[in-house]
J.: 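Supplied in structure tokens, the structure appears directly below.
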Number of protein chains: 2
Amino acid sequence: MTPGKVTVYDVAGEAGVSIATVSRVLRDHPNVADGTRDRVKQAIDALGWRPNQTARALAGKTNDAIGIVFPDLSGPYYAEVIRGFERTSGHRSAVHILATHERPSAHDHVRGLAERVDGMVVMGQTVDDELVAELVADGLPVVLLARPAVGSTPVVATDNAGSARALADHLVDHGHDTVALLGDPDHAPDVEERFTAMRGALEARDVDPGEPILTRGFEVEDGAIAMIEAWEAGRRPRAVMAANDQLAAGIYRAADAIGLAIGTDLAVTGWDDHDLAGLLHPGLTTVAQPMRTLGTRAANAVLTLLAGGQVDSVVLETELVVRDSCGPDCPLAPPLPHPSSRSTTGG
Amino acid sequence: MTPGKVTVYDVAGEAGVSIATVSRVLRDHPNVADGTRDRVKQAIDALGWRPNQTARALAGKTNDAIGIVFPDLSGPYYAEVIRGFERTSGHRSAVHILATHERPSAHDHVRGLAERVDGMVVMGQTVDDELVAELVADGLPVVLLARPAVGSTPVVATDNAGSARALADHLVDHGHDTVALLGDPDHAPDVEERFTAMRGALEARDVDPGEPILTRGFEVEDGAIAMIEAWEAGRRPRAVMAANDQLAAGIYRAADAIGLAIGTDLAVTGWDDHDLAGLLHPGLTTVAQPMRTLGTRAANAVLTLLAGGQVDSVVLETELVVRDSCGPDCPLAPPLPHPSSRSTTGG
DNA sequence: TTGTAGGCGTTATCAC
DNA sequence: GTGATAACGCCTACAA
């Protein structure tokens, strides 16, 4: 049986035709007599033949695959993007997902991936500009996702600056006059964008955020540690804007340890609208990103590129999700103690 | 420039040798004169040659890649597994991640992936037994992850039954005598295992869990909806054991809507020890799985298989994480209002 | 130690 | 319509 070993030659022999004809039938080429076509088709599934993908790729055609490179896969963010991506592109190509995890070998892995796909999506700070440029120069269709532009390569992104400013303004409206930023802008371009916009909005209202409280990653634990250390070092913000929801959750934990009440003693905001964000106590004020749409758009973009089309960059809207962690008596927050009306399933 | 177009022939020409020698140098074959080796190496990086992976694979050798198939990528579970997996195998091979999302085309995608890798890890209910058997029969090294065995294919799994029983017992110890199961056992073999064990433990203590409250998925929203519907249908459990933490979080939401207090009116347990589980209010009692280790073990297993070695199945220990959602005055729960001592970064 | 030549399984360009 | 046959880029006996 072992269907992996059947080749065009076997099928051709079985059907009494040449391999060229088998190939034509496979690719639905018009110039094949109906009778022949039937015979070949019968031979194909009699033998259970499936064309060897590697050989097909070598012969100069397509890999029938698209690659997507992520910095990491944890958190609520990526899974949804992938979902959107696969829903859109998965019917036409295989999707190879690569997580670089900031490994030094990332460069090689990306290059390796590039050889196995027909197009590639690059998300965040995973691949440096130089490599992106090389890939593009090699003729590989590339789409950038939530990442600064490189040359004229199309970018699909979400609006960081707008919501960042809105969030900062909202905090100032609450009366907070000492607010700090918490995260690691150096390892995530979108975080850097957010921080820059937040700082701008705060300074415009005469609030100086000072130096960001640096974290060593973007997990709950990282946020808790950084916050506690900052506190012990004498930092006394009344409001902290975290780079994402998990770091924000870390602040909840730190507040617990320090003896601070979130919302009253210390305002906190996050980013992403994590699926459990609304169930924290108090509910976390954050920013929702259209993650699945991000994936869908990226997929459509590569597919268009593959088809030889032109793609323009897009910036998708983000949405403020105001709950209670931003401060007491929030004019925008819903009334319930556990604000939970917001759906997490998204669009 | 375009390095993608350089071939062995170019390098051979540049170095004044044959392609065979180039190939030998590349593969560190011993029988090459030192001088020749140097000349070839210089030529290689003078031209920036990188062997074409597709051609290499076609020539009958290796794909330099391992595949890993997941049912889905959302939730706290998979990202960690992948992390462990890539840490271990990533230096030696590329890793192709495939999420099937229960698509009907999953079968084809898995077959397609099988052609591009040297070995494969299959997690959960993503691939039916028949296909697994086919792949194995075709000679592909396969490792099963958190999935029922198929033939003698090695399985890496976590202990579902033990912790499930412990969790059920703990609930009964709390005095709960009407407990329900919530989830979708039909679409996740590990959930089925947990439910079976829970049911057994409950019945041994004369508690009848009745029919599980069925959900349509494993997201927060799915849990909330199912719980509310069950309540409206007259179901009145005093304790609910959810299949995972997200569904459990959904119960928190439902409880809010219904007007029930988690921990007192309604006990809840989850599974996975989601990174925010300890920050829910009250903290969620759940079960921690060694997710990264799961990935590490799986990776080691395929690597061993690739090297021609033998691999035995393993079952990794899981750990009860008792917080407050299981009921008031829990003898095992930590004293703080927001129990948060447990690290989420894992081992 | 090094080179020649025949695959690996398709696709695609020619003739017929 | 159909069939040889030359790529595609590399690996690897087998020779030299």
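This one's a predicted model, so the numbers in the text were calculated from it and none came from an experiment. The analysis underlying the following values was restricted to heavy atoms, covering all of them including side chains, and did not include hydrogens, waters or symmetry mates. Reminder, nothing fancy here: chain letters follow the sequence lines and each chain counts from 1.
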J.: Which residue, B:L58 or A:S18, contacts DNA chain D at a nucleotide closer to its 5' end, judged by nearest heavy atom?
T.: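 Counting from the 5' end, the first nearest nucleotide belongs to A:S18.
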J.: Is it the case that more than 12 heavy atoms not belonging to B:R83 sit under 6.0 Å from its CZ atom?
T.: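 More than 12 heavy atoms, drawn from other residues, nucleotides or ligands, come within 6.0 Å of this atom.
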J.: Taking the side chain as every heavy atom from C-beta outward, state whether A:V121 and A:V156 have any pair of such atoms under 4.5 Å apart.
T.: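 No, every pair of side-chain atoms sits at 4.5 Å or beyond.
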J.: Could you tell me which residues satisfy side-chain hydrogen bond (donor to acceptor under 3.5 Å, both in side chains) with B:H187, sequence neighbours excluded, listed by chain and number?
T.: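 Per chain and number, B:H187 pairs via side-chain hydrogen bond (donor to acceptor under 3.5 Å, both in side chains) with B:D184.
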J.: Would you indicate, yes or no, if C:dT1 has its OP1 or OP2 atom less than 4.0 angstrom from a side-chain nitrogen or oxygen of B:N31?
T.: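 The answer is yes; a side-chain N or O of B:N31 sits under 4.0 Å from OP1 or OP2.
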J.: Is there a side-chain contact between A:V8 and A:W49, using heavy atoms and a 4.5 Å cut-off?
T.: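 When only atoms from C-beta onward are counted, A:W49 and A:V8 do touch, with a gap below 4.5 Å.
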J.: Would you mind reading off the distance between A:D28 atom CG and D:dG1 atom P, rounded to a whole angstrom?
T.: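 Atom CG in A:D28 sits about 15 Å away from atom P in D:dG1.
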J.: Can you find a heavy atom in the side chain of A:L26 that is under 4.5 Å from one in the side chain of A:R56?
T.: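 Yes, at least one pair of side-chain atoms sits under 4.5 Å.
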J.: Just by distance, with hydrogens left out, do B:N300 and B:T88 show a side-chain donor and acceptor under 3.5 Å apart?
T.: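 No, no side-chain donor-acceptor contact under 3.5 Å.
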J.: CG of B:D10 versus C1' of D:dC8: gap in Å, rounded?
T.: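 Answer to the nearest Å: 14 Å.
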J.: Can you sort out which residues in residues 32-45 of chain A have a heavy atom within less than 4.0 Å of DNA chain D? Ascending by number, please.
T.: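 Those residues are A:V32, A:A33, A:T36.
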J.: Might you point out which heavy atoms bring A:A106 and A:T100 nearest each other, and give the distance in Å?
T.: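 Smallest heavy-atom distance, with atoms named: CB-CB, 3.8 Å.
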J.: Could you give the NE2-to-C1' distance, from A:H29 to C:dT11, as a whole number of Å?
T.: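 Computing the A:H29:NE2 to C:dT11:C1' distance gives 12 Å.
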J.: Starting at CZ of A:R50 and ending at C1' of C:dG9, how long is that distance when rounded to a whole Å?
T.: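 Distance, rounded to whole Å: 14 Å.
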J.: Could you check how far CG of A:D64 sits from P of C:dT10, rounded to whole Å?
T.: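 About 13 Å, once rounded to whole Å.
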J.: What does nucleotides 11-16 of chain D look like as a protein-contact string, B for base, S for sugar-phosphate only, - for none, at under 4.0 angstrom between heavy atoms?
T.: BB----
J.: Compare all side-chain heavy atoms of A:F70 with those of A:I97 and state whether any distance is below 4.5 angstrom.
T.: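 They are in side-chain contact.
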